[in-house]
Number of protein chains: 2
Amino acid sequence: MKVSMKTDYAFRVLFTLVEHYQRGPIPIRELARRNEVPKRFLEQIMLEMKAKGWVASIMGKQGGYVLSKSPDKITAGAVIRHFYGVLAPIGCVSVIQYEPCSQEPVCRFRRLFLDVRNHAARLMDSATLDSIYQGKPVRQEEVFNMELTGGAGI
Amino acid sequence: MKVSMKTDYAFRVLFTLVEHYQRGPIPIRELARRNEVPKRFLEQIMLEMKAKGWVASIMGKQGGYVLSKSPDKITAGAVIRHFYGVLAPIGCVSVIQYEPCSQEPVCRFRRLFLDVRNHAARLMDSATLDSIYQGKPVRQEEVFNMELTGGAGI
DNA sequence: ACTATTCCTATTGAACCTATAGGGTTAATC
DNA sequence: GATTAACCCTATAGGTTCAATAGGAATAGT
(Lines give C-alpha, C1' and ligand atoms only; values in the text may rest on other atoms or scores of the structure.)
Protein backbone atom coordinates (compact mmCIF):
# COMPACT_ATOMS: atom_id res chain seq x y z
CA MET A 1 0.00 0.00 0.00
CA LYS A 2 2.46 2.61 1.22
CA VAL A 3 0.27 5.43 2.33
CA SER A 4 1.14 8.96 1.17
CA MET A 5 2.36 11.79 3.38
CA LYS A 6 -0.93 13.52 2.73
CA THR A 7 -2.77 10.61 4.33
CA ASP A 8 -0.37 10.57 7.24
CA TYR A 9 -0.72 14.31 7.79
CA ALA A 10 -4.49 14.10 7.49
CA PHE A 11 -4.66 11.49 10.23
CA ARG A 12 -2.39 13.45 12.54
CA VAL A 13 -4.51 16.54 12.24
CA LEU A 14 -7.78 14.67 12.55
CA PHE A 15 -6.70 13.27 15.90
CA THR A 16 -5.78 16.71 17.13
CA LEU A 17 -9.28 17.80 16.18
CA VAL A 18 -10.75 14.77 17.93
CA GLU A 19 -8.95 15.81 21.11
CA HIS A 20 -10.58 19.22 20.84
CA TYR A 21 -13.97 18.00 19.64
CA GLN A 22 -16.63 20.59 20.52
CA ARG A 23 -14.11 22.89 22.14
CA GLY A 24 -13.75 25.55 19.47
CA PRO A 25 -11.73 25.95 16.28
CA ILE A 26 -7.98 25.44 15.91
CA PRO A 27 -6.13 27.51 13.29
CA ILE A 28 -4.04 25.81 10.63
CA ARG A 29 -0.91 27.41 12.02
CA GLU A 30 -1.44 25.56 15.27
CA LEU A 31 -2.42 22.28 13.62
CA ALA A 32 0.70 22.47 11.50
CA ARG A 33 2.99 23.28 14.40
CA ARG A 34 1.73 20.52 16.67
CA ASN A 35 1.83 17.80 14.05
CA GLU A 36 4.93 18.91 12.18
CA VAL A 37 3.15 19.43 8.88
CA PRO A 38 4.18 22.17 6.38
CA LYS A 39 1.55 24.85 6.85
CA ARG A 40 1.00 25.63 3.19
CA PHE A 41 0.67 21.96 2.38
CA LEU A 42 -1.80 21.52 5.20
CA GLU A 43 -3.99 24.25 3.75
CA GLN A 44 -4.65 22.04 0.74
CA ILE A 45 -5.30 19.03 2.90
CA MET A 46 -7.78 20.90 5.06
CA LEU A 47 -9.66 22.12 2.00
CA GLU A 48 -10.00 18.56 0.80
CA MET A 49 -11.20 17.38 4.18
CA LYS A 50 -13.70 20.19 4.27
CA ALA A 51 -15.02 19.16 0.86
CA LYS A 52 -15.45 15.63 2.20
CA GLY A 53 -17.49 17.00 5.10
CA TRP A 54 -15.14 15.78 7.80
CA VAL A 55 -14.17 19.22 9.03
CA ALA A 56 -15.74 22.67 8.97
CA SER A 57 -13.96 26.00 8.82
CA ILE A 58 -14.57 29.24 10.63
CA MET A 59 -13.24 32.13 8.59
CA GLY A 60 -11.68 35.37 9.63
CA LYS A 61 -9.72 36.25 12.70
CA GLN A 62 -10.15 33.78 15.56
CA GLY A 63 -11.13 31.25 12.91
CA GLY A 64 -9.83 27.77 12.31
CA TYR A 65 -11.04 24.25 11.85
CA VAL A 66 -13.31 21.94 13.79
CA LEU A 67 -14.38 18.36 13.31
CA SER A 68 -17.82 18.55 11.73
CA LYS A 69 -18.86 14.94 12.29
CA SER A 70 -18.81 12.81 15.38
CA PRO A 71 -15.48 10.96 15.65
CA ASP A 72 -17.31 7.64 15.45
CA LYS A 73 -18.76 8.58 12.07
CA ILE A 74 -15.45 8.99 10.25
CA THR A 75 -13.69 5.78 9.26
CA ALA A 76 -10.03 5.27 8.52
CA GLY A 77 -11.07 3.61 5.28
CA ALA A 78 -12.78 6.77 4.06
CA VAL A 79 -9.70 8.86 4.81
CA ILE A 80 -7.26 6.50 3.15
CA ARG A 81 -9.49 5.92 0.19
CA HIS A 82 -9.73 9.66 -0.40
CA PHE A 83 -6.07 10.56 -0.03
CA TYR A 84 -4.53 7.41 -1.38
CA GLY A 85 -7.22 6.57 -3.88
CA VAL A 86 -7.42 2.82 -3.62
CA LEU A 87 -6.43 0.09 -1.22
CA ALA A 88 -6.67 -2.85 -3.59
CA PRO A 89 -3.22 -4.16 -4.43
CA ILE A 90 -4.17 -4.51 -8.09
CA GLY A 91 -6.82 -3.00 -10.32
CA CYS A 92 -8.60 -6.25 -11.13
CA VAL A 93 -9.70 -6.75 -7.51
CA SER A 94 -10.78 -3.17 -6.94
CA VAL A 95 -14.47 -2.47 -6.65
CA ILE A 96 -14.38 1.29 -6.85
CA GLN A 97 -11.65 1.44 -9.49
CA TYR A 98 -11.87 -1.85 -11.33
CA GLU A 99 -9.49 -2.12 -14.26
CA PRO A 100 -10.03 -4.89 -16.76
CA CYS A 101 -7.06 -7.15 -17.48
CA SER A 102 -6.59 -9.41 -20.45
CA GLN A 103 -5.07 -12.08 -18.22
CA GLU A 104 -8.09 -12.42 -15.98
CA PRO A 105 -9.38 -15.70 -17.39
CA VAL A 106 -6.05 -17.40 -16.75
CA CYS A 107 -4.84 -15.36 -13.79
CA ARG A 108 -3.77 -17.45 -10.83
CA PHE A 109 -2.82 -14.93 -8.17
CA ARG A 110 -5.91 -12.80 -8.16
CA ARG A 111 -7.44 -14.72 -5.29
CA LEU A 112 -4.51 -13.81 -3.06
CA PHE A 113 -4.77 -10.09 -3.80
CA LEU A 114 -8.49 -10.25 -3.30
CA ASP A 115 -8.00 -11.72 0.17
CA VAL A 116 -5.53 -9.00 1.08
CA ARG A 117 -7.89 -6.32 -0.16
CA ASN A 118 -10.86 -7.78 1.69
CA HIS A 119 -9.06 -7.93 4.99
CA ALA A 120 -7.65 -4.44 4.63
CA ALA A 121 -11.07 -3.11 3.68
CA ARG A 122 -12.70 -4.76 6.64
CA LEU A 123 -10.16 -3.38 9.10
CA MET A 124 -10.07 0.09 7.62
CA ASP A 125 -13.81 0.50 7.41
CA SER A 126 -14.56 -0.78 10.87
CA ALA A 127 -11.99 1.55 12.45
CA THR A 128 -13.37 4.99 13.28
CA LEU A 129 -11.44 7.99 14.53
CA ASP A 130 -13.08 7.35 17.85
CA SER A 131 -12.21 3.67 18.12
CA ILE A 132 -8.64 4.37 17.04
CA TYR A 133 -8.38 7.23 19.49
CA GLN A 134 -9.46 4.95 22.34
CA GLY A 135 -6.78 2.41 21.47
CA LYS A 136 -3.29 2.69 22.81
CA PRO A 137 -0.39 3.85 20.64
CA VAL A 138 1.73 0.99 19.34
CA ARG A 139 5.40 0.88 20.19
CA GLN A 140 8.08 -0.35 17.84
CA GLU A 141 8.99 -3.28 20.13
CA GLU A 142 5.66 -4.86 19.32
CA VAL A 143 6.56 -4.85 15.66
CA PHE A 144 9.71 -6.80 16.35
CA ASN A 145 7.88 -9.17 18.66
CA MET A 146 5.47 -9.81 15.86
CA GLU A 147 8.44 -10.72 13.71
CA LEU A 148 9.78 -13.16 16.25
CA THR A 149 6.44 -14.81 16.80
CA GLY A 150 5.78 -15.75 13.22
CA GLY A 151 4.94 -12.55 11.36
CA ALA A 152 7.12 -12.16 8.32
CA GLY A 153 9.32 -9.17 7.67
CA ILE A 154 7.74 -6.51 5.61
CA MET B 1 -0.37 -1.38 -1.72
CA LYS B 2 -0.94 -1.11 -5.46
CA VAL B 3 1.50 -3.61 -6.84
CA SER B 4 3.72 -2.49 -9.76
CA MET B 5 3.51 -3.78 -13.31
CA LYS B 6 6.85 -5.43 -12.77
CA THR B 7 5.36 -7.52 -9.97
CA ASP B 8 2.34 -8.36 -12.07
CA TYR B 9 4.51 -9.39 -15.04
CA ALA B 10 6.81 -11.41 -12.81
CA PHE B 11 3.88 -13.42 -11.47
CA ARG B 12 2.46 -14.06 -14.92
CA VAL B 13 5.74 -15.40 -16.19
CA LEU B 14 6.43 -17.45 -13.08
CA PHE B 15 3.17 -19.32 -13.53
CA THR B 16 4.01 -20.07 -17.15
CA LEU B 17 7.27 -21.52 -15.89
CA VAL B 18 5.41 -23.51 -13.24
CA GLU B 19 3.28 -25.04 -15.99
CA HIS B 20 6.44 -26.14 -17.77
CA TYR B 21 8.38 -27.11 -14.67
CA GLN B 22 11.06 -29.67 -15.60
CA ARG B 23 10.06 -29.63 -19.25
CA GLY B 24 12.87 -27.55 -20.74
CA PRO B 25 13.57 -23.84 -21.17
CA ILE B 26 11.21 -21.25 -22.60
CA PRO B 27 12.72 -18.23 -24.42
CA ILE B 28 11.84 -14.71 -23.33
CA ARG B 29 10.19 -14.05 -26.67
CA GLU B 30 7.68 -16.78 -25.93
CA LEU B 31 7.17 -15.78 -22.29
CA ALA B 32 6.53 -12.22 -23.42
CA ARG B 33 4.10 -13.22 -26.14
CA ARG B 34 2.01 -15.53 -23.98
CA ASN B 35 1.73 -13.13 -21.06
CA GLU B 36 1.52 -9.89 -22.99
CA VAL B 37 4.63 -8.38 -21.46
CA PRO B 38 6.95 -6.04 -23.42
CA LYS B 39 9.90 -8.28 -24.35
CA ARG B 40 12.63 -5.80 -23.56
CA PHE B 41 11.08 -5.00 -20.21
CA LEU B 42 10.79 -8.68 -19.43
CA GLU B 43 14.52 -9.10 -20.02
CA GLN B 44 15.20 -6.92 -17.00
CA ILE B 45 12.65 -8.74 -14.92
CA MET B 46 14.12 -12.13 -15.77
CA LEU B 47 17.60 -10.96 -14.83
CA GLU B 48 16.32 -9.88 -11.44
CA MET B 49 14.54 -13.16 -10.89
CA LYS B 50 17.67 -15.01 -11.88
CA ALA B 51 19.67 -13.04 -9.32
CA LYS B 52 17.11 -14.02 -6.70
CA GLY B 53 17.61 -17.68 -7.61
CA TRP B 54 14.03 -18.26 -8.69
CA VAL B 55 14.85 -18.97 -12.33
CA ALA B 56 17.89 -20.19 -14.23
CA SER B 57 18.90 -19.29 -17.76
CA ILE B 58 20.25 -21.36 -20.61
CA MET B 59 22.24 -19.16 -22.95
CA GLY B 60 22.67 -19.30 -26.69
CA LYS B 61 20.42 -20.70 -29.35
CA GLN B 62 17.71 -23.02 -28.01
CA GLY B 63 18.19 -21.26 -24.70
CA GLY B 64 15.63 -19.71 -22.39
CA TYR B 65 14.48 -19.78 -18.81
CA VAL B 66 13.43 -22.47 -16.39
CA LEU B 67 12.20 -22.40 -12.84
CA SER B 68 15.20 -23.23 -10.68
CA LYS B 69 13.38 -23.96 -7.44
CA SER B 70 10.44 -26.18 -6.70
CA PRO B 71 7.16 -24.18 -7.04
CA ASP B 72 6.40 -24.83 -3.39
CA LYS B 73 9.63 -23.12 -2.36
CA ILE B 74 8.85 -19.71 -3.85
CA THR B 75 6.40 -17.56 -1.90
CA ALA B 76 4.27 -14.72 -3.20
CA GLY B 77 5.66 -12.64 -0.34
CA ALA B 78 9.21 -13.01 -1.60
CA VAL B 79 8.22 -11.95 -5.11
CA ILE B 80 6.21 -8.94 -4.00
CA ARG B 81 8.79 -7.88 -1.48
CA HIS B 82 11.49 -7.91 -4.15
CA PHE B 83 9.64 -6.08 -6.90
CA TYR B 84 7.55 -3.77 -4.79
CA GLY B 85 9.98 -3.35 -1.94
CA VAL B 86 7.71 -3.28 1.03
CA LEU B 87 4.18 -4.25 1.94
CA ALA B 88 3.85 -2.20 5.08
CA PRO B 89 1.45 0.68 4.56
CA ILE B 90 3.75 3.04 6.43
CA GLY B 91 7.44 3.05 7.31
CA CYS B 92 6.96 2.97 11.06
CA VAL B 93 5.39 -0.51 10.96
CA SER B 94 7.89 -1.98 8.52
CA VAL B 95 10.37 -4.50 9.87
CA ILE B 96 12.69 -4.66 6.90
CA GLN B 97 12.53 -0.93 6.11
CA TYR B 98 11.66 0.73 9.38
CA GLU B 99 11.62 4.51 9.24
CA PRO B 100 11.59 6.46 12.47
CA CYS B 101 8.85 9.04 12.90
CA SER B 102 8.75 11.92 15.31
CA GLN B 103 5.05 11.31 15.94
CA GLU B 104 5.48 7.76 17.15
CA PRO B 105 5.03 8.45 20.86
CA VAL B 106 1.66 10.09 20.25
CA CYS B 107 0.59 8.26 17.10
CA ARG B 108 -2.85 6.74 17.28
CA PHE B 109 -3.30 4.96 13.97
CA ARG B 110 -0.19 2.86 13.89
CA ARG B 111 -1.95 -0.15 15.37
CA LEU B 112 -4.32 -0.24 12.43
CA PHE B 113 -1.53 -0.18 9.86
CA LEU B 114 0.33 -2.81 11.82
CA ASP B 115 -2.69 -5.11 11.66
CA VAL B 116 -3.02 -4.63 7.94
CA ARG B 117 0.64 -5.34 7.45
CA ASN B 118 0.58 -8.46 9.60
CA HIS B 119 -2.35 -9.97 7.80
CA ALA B 120 -0.88 -9.21 4.39
CA ALA B 121 2.46 -10.67 5.45
CA ARG B 122 0.84 -13.82 6.73
CA LEU B 123 -1.14 -14.38 3.55
CA MET B 124 1.69 -13.52 1.21
CA ASP B 125 4.27 -15.64 2.91
CA SER B 126 2.10 -18.71 3.28
CA ALA B 127 1.13 -18.64 -0.40
CA THR B 128 3.59 -20.46 -2.68
CA LEU B 129 3.57 -20.58 -6.45
CA ASP B 130 2.40 -24.15 -6.10
CA SER B 131 -0.46 -23.47 -3.72
CA ILE B 132 -1.61 -20.54 -5.81
CA TYR B 133 -1.36 -22.59 -8.98
CA GLN B 134 -3.59 -25.25 -7.47
CA GLY B 135 -6.26 -22.71 -6.59
CA LYS B 136 -8.88 -21.66 -9.09
CA PRO B 137 -8.75 -18.31 -10.85
CA VAL B 138 -11.05 -15.72 -9.30
CA ARG B 139 -13.76 -14.14 -11.39
CA GLN B 140 -14.85 -10.54 -11.11
CA GLU B 141 -18.35 -11.49 -9.95
CA GLU B 142 -16.90 -12.68 -6.69
CA VAL B 143 -15.48 -9.25 -6.08
CA PHE B 144 -18.87 -7.68 -6.47
CA ASN B 145 -20.47 -10.33 -4.30
CA MET B 146 -17.97 -9.47 -1.64
CA GLU B 147 -19.17 -5.89 -1.92
CA LEU B 148 -22.78 -6.83 -1.48
CA THR B 149 -22.12 -9.09 1.47
CA GLY B 150 -20.38 -6.54 3.61
CA GLY B 151 -16.91 -5.98 2.16
CA ALA B 152 -16.34 -2.31 1.54
CA GLY B 153 -15.51 -0.81 -1.79
CA ILE B 154 -11.84 -0.45 -2.48
C1' DA C 1 30.15 -18.14 -40.07
C1' DC C 2 25.34 -17.52 -38.97
C1' DT C 3 21.71 -17.04 -35.96
C1' DA C 4 19.00 -16.99 -31.87
C1' DT C 5 19.37 -16.37 -27.56
C1' DT C 6 20.73 -14.16 -22.88
C1' DC C 7 23.26 -10.22 -20.61
C1' DC C 8 24.28 -5.42 -19.22
C1' DT C 9 23.81 -0.37 -18.89
C1' DA C 10 21.82 3.90 -20.15
C1' DT C 11 18.20 6.82 -21.12
C1' DT C 12 13.69 8.64 -22.04
C1' DG C 13 8.90 10.06 -21.15
C1' DA C 14 5.18 10.22 -18.22
C1' DA C 15 3.02 10.34 -13.99
C1' DC C 16 2.79 11.30 -9.32
C1' DC C 17 4.13 13.23 -4.86
C1' DT C 18 5.50 16.92 -1.93
C1' DA C 19 5.86 21.30 -1.18
C1' DT C 20 5.95 26.29 -2.16
C1' DA C 21 4.07 30.66 -4.06
C1' DG C 22 1.10 34.52 -4.94
C1' DG C 23 -2.67 36.66 -4.22
C1' DG C 24 -7.84 36.86 -2.97
C1' DT C 25 -11.74 36.66 0.60
C1' DT C 26 -13.71 36.89 5.22
C1' DA C 27 -14.50 38.63 9.76
C1' DA C 28 -13.03 39.94 14.59
C1' DT C 29 -10.86 43.66 17.02
C1' DC C 30 -9.10 48.13 17.95
C1' DG D 1 -12.94 51.72 8.96
C1' DA D 2 -8.25 50.21 9.13
C1' DT D 3 -5.70 46.48 10.71
C1' DT D 4 -4.90 41.90 11.30
C1' DA D 5 -5.27 37.04 11.31
C1' DA D 6 -7.39 33.69 9.52
C1' DC D 7 -9.24 30.74 5.41
C1' DC D 8 -9.63 30.12 0.07
C1' DC D 9 -8.04 29.08 -4.62
C1' DT D 10 -4.94 28.06 -8.46
C1' DA D 11 -0.61 27.43 -10.37
C1' DT D 12 3.79 25.57 -10.61
C1' DA D 13 8.29 23.82 -9.42
C1' DG D 14 11.44 20.00 -8.08
C1' DG D 15 12.07 15.44 -7.11
C1' DT D 16 11.25 10.62 -7.46
C1' DT D 17 9.56 6.52 -9.33
C1' DC D 18 7.72 3.66 -12.93
C1' DA D 19 7.41 1.63 -17.47
C1' DA D 20 9.40 1.03 -21.39
C1' DT D 21 12.87 1.41 -25.07
C1' DA D 22 17.56 1.24 -26.96
C1' DG D 23 22.14 -0.24 -28.27
C1' DG D 24 25.06 -3.33 -28.26
C1' DA D 25 28.09 -7.30 -25.99
C1' DA D 26 28.49 -12.22 -24.80
C1' DT D 27 27.15 -17.05 -25.50
C1' DA D 28 26.25 -21.28 -27.82
C1' DG D 29 23.79 -24.39 -31.10
C1' DT D 30 23.66 -25.40 -36.16
Visitor: Does the base of dC8(C) carry an N or O that pairs as donor and acceptor with the side chain of Gln44(B) under 3.5 Å?
Guide: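 Result: no qualifying N/O pair found.
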
Visitor: From C-beta outward on Tyr9(A), which listed nucleotide comes closest to its side chain: dC8(D), dA19(C), dG22(C)?
Guide: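 In terms of side-chain proximity for Tyr9(A), the closest of dC8(D), dA19(C), dG22(C) is dA19(C).
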
Visitor: Could you work out which one of dC8(D), dT20(C), dC8(C) sits closest to the side chain of Ser57(A)?
Guide: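 Nearest nucleotide to the side chain: dC8(D).
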
Visitor: Would Val79(B) and Leu123(B) show up in the same hydrophobic cluster when neighbours are defined by side-chain heavy atoms closer than 4.5 Å?
Guide: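 As far as the 4.5 Å side-chain criterion goes, Leu123(B) and Val79(B) are connected within one cluster.
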
Visitor: So, is Arg29(A) close to the dA6(D) phosphate, meaning a side-chain N or O under 4.0 Å from OP1 or OP2?
Guide: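 Checking Arg29(A) against dA6(D): at least one side-chain N or O falls below 4.0 Å of OP1 or OP2.
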
Visitor: Between dT6(C), dG22(C), dC7(D), which nucleotide gets closest to the side-chain atoms of Tyr65(B)?
Guide: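 In terms of side-chain proximity for Tyr65(B), the closest of dT6(C), dG22(C), dC7(D) is dT6(C).
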
Visitor: Of all the choices, dT29(C), dT6(C), dG22(C), which nucleotide is nearest to the side chain of Pro27(B) once you look at every atom?
Guide: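 Closest of the options to the side chain of Pro27(B): dT6(C).
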
Visitor: Between dG24(D), dA20(D), dT20(C), spot the one nearest the side chain of Arg40(B), thanks.
Guide: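 Minimum distance to the Arg40(B) side chain belongs to dG24(D).
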
Visitor: Counting any heavy atom closer than 4.0 Å, what does Lys50(A) reach on the DNA or RNA strands: base, sugar-phosphate only, or nothing?
Guide: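 Touches sugar-phosphate only.
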
Visitor: Calculate the interatomic distance between Leu42(A) atom CG and dC17(C) atom P; express it in whole Å.
Guide: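 Atom CG in Leu42(A) sits about 18 Å away from atom P in dC17(C).
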
Visitor: Cationic tip of Arg108(A) within the cone over Tyr133(B)'s six-membered ring, i.e. under 6.0 Å and within 45° of the normal?
Guide: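 The answer is yes; both the distance and angle limits are met.
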
Visitor: Rounding to a whole Å, what distance do you find between Phe83(A):CZ and dT18(C):P?
Guide: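 To the nearest whole Å, that distance equals 11 Å.
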
Visitor: Write down the distance between CE (Met46(B)) and P (dT5(C)), rounded to a whole number of angstrom.
Guide: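 After rounding, the reported distance stands at 14 Å.
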
Visitor: Rounded off to whole Å, could you give me the CE-to-C1' distance for the Met59(B) and dC7(C) pair?
Guide: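 That distance rounds to 6 Å.
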
Visitor: Please tell me whether Val18(A) and Met124(A) are part of a single hydrophobic cluster in this structure, the criterion being side-chain heavy atoms less than 4.5 Å apart.
Guide: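 Yes, Val18(A) connects to Met124(A) through the hydrophobic network.
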
Visitor: What's the CD1-P distance between Ile26(B) and dT5(C), to the nearest Å?
Guide: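 Distance, rounded to whole Å: 13 Å.
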
Visitor: Select one nucleotide: of dT26(C), dA21(C), dA19(C), the one nearest the side-chain heavy atoms of Met5(A).
Guide: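 That would be dA19(C).
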
Visitor: When you compare the side chains of Asp72(B) and Ser70(B), does any donor N or O come within less than 3.5 Å of an acceptor on the partner?
Guide: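 Asp72(B) vs Ser70(B): donor-acceptor pair found between side chains.
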
Visitor: Can you measure Glu48(A) atom CD to dC7(D) atom C1' for me and round it to whole angstrom units?
Guide: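 After rounding, the gap between these two atoms is 15 Å.
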
Visitor: For Leu47(B) and dA26(D), what is the distance between atoms CG and P respectively, to the nearest whole Å?
Guide: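 After rounding, the gap between these two atoms is 16 Å.
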
Visitor: Using a strict 4.0 Å threshold on nitrogen-to-oxygen distance, state whether Glu36(B) and Arg12(B) make a salt bridge.
Guide: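 Salt bridge between Glu36(B) and Arg12(B), a charged N being under 4.0 Å from a carboxylate O: no.
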
Visitor: Would you mind telling me which residue lines up with the more 5' stretch of DNA chain D, Lys39(B) or Ile28(A), judged by nearest nucleotide?
Guide: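 Looking at the nearest nucleotide for each, Ile28(A) comes out on the 5' side.
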
Visitor: Rounded to the nearest Å, what distance is computed from the CE atom of residue Met49(B) to the C1' atom of nucleotide dT6(C)?
Guide: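 So the CE-C1' distance, Met49(B) to dT6(C), works out to 14 Å.
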
Visitor: Side chain of Glu43(B) only, please: which of dC8(C), dC7(D), dT21(D) is the nearest?
Guide: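 Within the option list, the nearest is dC8(C).
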
Visitor: Among dA20(D), dT30(D), dA19(D), which nucleotide has an atom closest to any side-chain atom of Ser4(B)?
Guide: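 Nearest to the side chain of Ser4(B) among the choices is dA19(D).
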
